[in-house]
Amino acid sequence: MTRKSSAGWGLSALPRIARGEGSYLYDSTGRRYLDGSGGPAAFSIGHGNREVNAAIAAQLERVACGYRYLFTSEPLEELTSLLLRLCGPEFGHIVYSGSGSEAVESALKVALQYWDARGMADRKHFIARERSYHGNTLGALSVSGFLERRRPFAGSLLDVSFVSAANSYRPLGGLAGAALTEALAQELEKKIEALGAGRVAAFIFEPVVGAAGGAVPAPEGYARAVQAVCARHGVLMIADEVMCGSGRCGTWRALEHDATVPDIMAVGKGLAGGYIPLAATIVRRELADTILAEQGAVLTGHTYSGHTTACAAALAVQRIMQREGLVARVRERGAVLLAQLQGALGRFRQVGDVRGRGYLIGIEFVRDRATRGPLPPERAFAQALGQRAFADGLIIYPCAGNVGGTAGDTVIVAPPYNASEAELAELVDKLTRAIERTLTGG
Ligand SMILES: Cc1ncc(COP(=O)(O)O)c(C=O)c1O
């Protein structure tokens, strides 16, 4: 069965946003909401930050935007060198855009252009994973294993091959640990061989799955194992870090945790923390050099790529993250928050799994802990819980369909990196009460 889209809960029912301050948002009636998920894991340093707002205002006073083919700018240059420093010496080129979808779209195009520049234009095919989300533009949606969001567009999407999700709670073949990692890597290798390596451009995956799975980190060693497979067959590896990157998982690049460097990486959301839309496709030096040497330009980007004021906003956000050591805080405090949530929610027999990394934590609800069977889809539990929490002044991110595309209920908790101890305690407390009330219908 299909169930109603989980995107929002009806415009007419939405309150009007009035202002934001730190970890709180306020609507026009004065009602206060604790931002427990950054909306969809976007608001990395909270709301209404004066320093970021001042940087934006100062930039607007000078000039809003210098068009990318006519000018460079100080914020663009400084942001680029900061991001390349944060990402590591392997990376050498950045394509800016306005959304995670565009950043993924550019990642796919950079891969295709690289193979064209190398004289291997037959490498056109992408491999992605089931239960994944990479964006809403047609290319990014094509590589997304997200039934609910793909269904109306079936037939118009790219022909993409899918391999299993890397999910320790719902594992391929019931395997665990190293055996699971090995099986997933083998599955990818077989897929590449079946397609013919000479036809495959890239493999794309989220190091920690966001909306499509409810914050699912891959099993230990997974990223290194799939990278070895890709390397054996000359297939590029694209990491979609739009949700899990920019510090959200406690390292600036999510794959730092796995000691792995992808060929191309997409970031967005926390990069500019929601102050102004900005996303980026970050490309290994050798790929960019090949494209530039052979074809003169990376053929992707948009009118507002590298928008000057968006870069000024992101630069201010990133400087605050650096100065206040927020990525390290997420790494250390994230493990505590996970343990606190596991402790508080363990008493609900419908809570099957509490997992995640850093400040990207997923809670999965089940009918039965032993079988891990999902709740009946028609109950739309995650949506109901999201609404309950919202009505009680807590923002969390409900996700549905992580079991077979139509069943499955999860919520994501993803607070601002600089949320205080008291705010995190309030988050755990409010979420526990919202779950209790949703389960009991109270
Ligand atoms: C992993 C991932 N990739 C891409 C996107 C698309 O980003 P956007 O909504 O900014 O286009 C998202 C959005 O949720 C995401 O979570």
Side-chain angles (χ1 to χ4, degrees), residues 5-8 37-44 95-109 126 128-146 148-150 153 157 160 165-167 202-218 223 237-249 253-255 262 264-282 300-302 304-305 307 310 313-314 356-362 386 395-402 410-414:
S5 164
S6 58
S37 73
F43 306 119
S44 44
V95 179
Y96 290 101
S97 52
S99 70
S101 304
E102 291 168 282
V104 168
E105 205 73 34
S106 281
L108 302 176
K109 289 182 71 191
F126 293 102
R129 286 192 324 209
E130 287 157 8
R131 304 311 319 148
S132 60
Y133 181 59
H134 298 291
N136 253 339
T137 51
L138 280 179
L141 191 61
S142 297
V143 291
S144 299
F146 201 134
E148 185 194 41
R149 296 185 187 177
R150 289 173 65 97
F153 312 102
L157 300 172
V160 169
N167 184 334
F203 170 56
I204 179 167
F205 72 104
E206 295 163 82
V208 179
V209 177
V216 187
M237 189 169 98
I238 302 174
D240 180 351
E241 300 207 355
V242 169
M243 188 183 282
C244 62
S246 310
R248 171 64 58 196
C249 289
R253 288 191 304 106
L255 279 183
I264 309 170
M265 185 172 84
V267 294
K269 295 191 190 268
L271 175 62
Y275 282 82
I276 297 195
L278 186 73
T281 307
I282 306 178
T300 183
H302 308 267
Y304 293 134
S305 291
H307 188 282
R357 192 185 296 164
Y359 278 4
L360 187 58
I361 296 177
I395 298 170
I396 50 172
Y397 188 26
C399 314
N402 67 311
T410 57
V411 294
I412 291 178
V413 166

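Atoms within each ligand, like the ligands themselves, are counted from 1 in listed order.
Note on ring orientation: taking the six-membered ring where Trp is involved, the planes of Phe205 and Phe203 are parallel (angle under 30°, cut-offs 30° and 60°).
Using a non-hydrogen distance threshold of 4.0 Å, Asp240 registers as a contact of ligand 1.
The residue from Gly100, Ser144, Gly245 that puts a heavy atom closest to atom 8 (P) of ligand 1 is Gly100.
Listed by atom number, the atoms of ligand 1 under 4.0 Å from Met243 heavy atoms are 16 (O). Shown in contact with Gly135 at under 4.0 Å from a heavy atom are these atoms of ligand 1, numbered in order with element: 4 (C), 6 (C).
Residue contacts with ligand 1 for Glu206 involve side-chain atoms from C-beta outward but no N, CA, C or O (heavy atoms, distance under 4.0 Å). Looking at Glu241 against ligand 1, nothing comes within 4.0 Å, counting heavy atoms.
Under the 3.5 Å distance criterion, the side-chain polar atoms of Ser144 are matched with a main-chain donor or acceptor of Ala140.
Going from atom OH of Tyr359 over to atom SG of Cys249 covers 12.5 Å, rounded to the nearest 0.5 Å.
Nearest heavy atoms, Tyr397 versus Ala211: OH-CB, 3.7 Å.
A donor-acceptor contact closer than 3.5 angstrom is absent between the side chains of Ser101 and Thr137.
Two residues are said to be in side-chain contact when any heavy atoms from C-beta on lie closer than 4.5 Å; Leu360 and Met243 meet this criterion.
In terms of polar-atom proximity, defined here as any N/O pair under 3.5 Å, Ser101 does make such a contact with ligand 1.
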- prompt: How far apart are the C-alpha atoms of Glu241 and Arg248, what are their side-chain angles, what is the distance that settles it, and do they pass the side chain to side chain contact (heavy atoms under 4.5 Å, CB included) test?
  reply: CA-CA 9 Å; Glu241 300 207 355; Arg248 171 64 58 196; over 6 Å; no
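Of all protein heavy atoms, the one closest to atom 14 (O) of ligand 1 is Lys269 NZ, 2.9 Å. From the protein, the heavy atom lying nearest to atom 5 (C) of ligand 1 is Val242 CG1, 3.7 Å.
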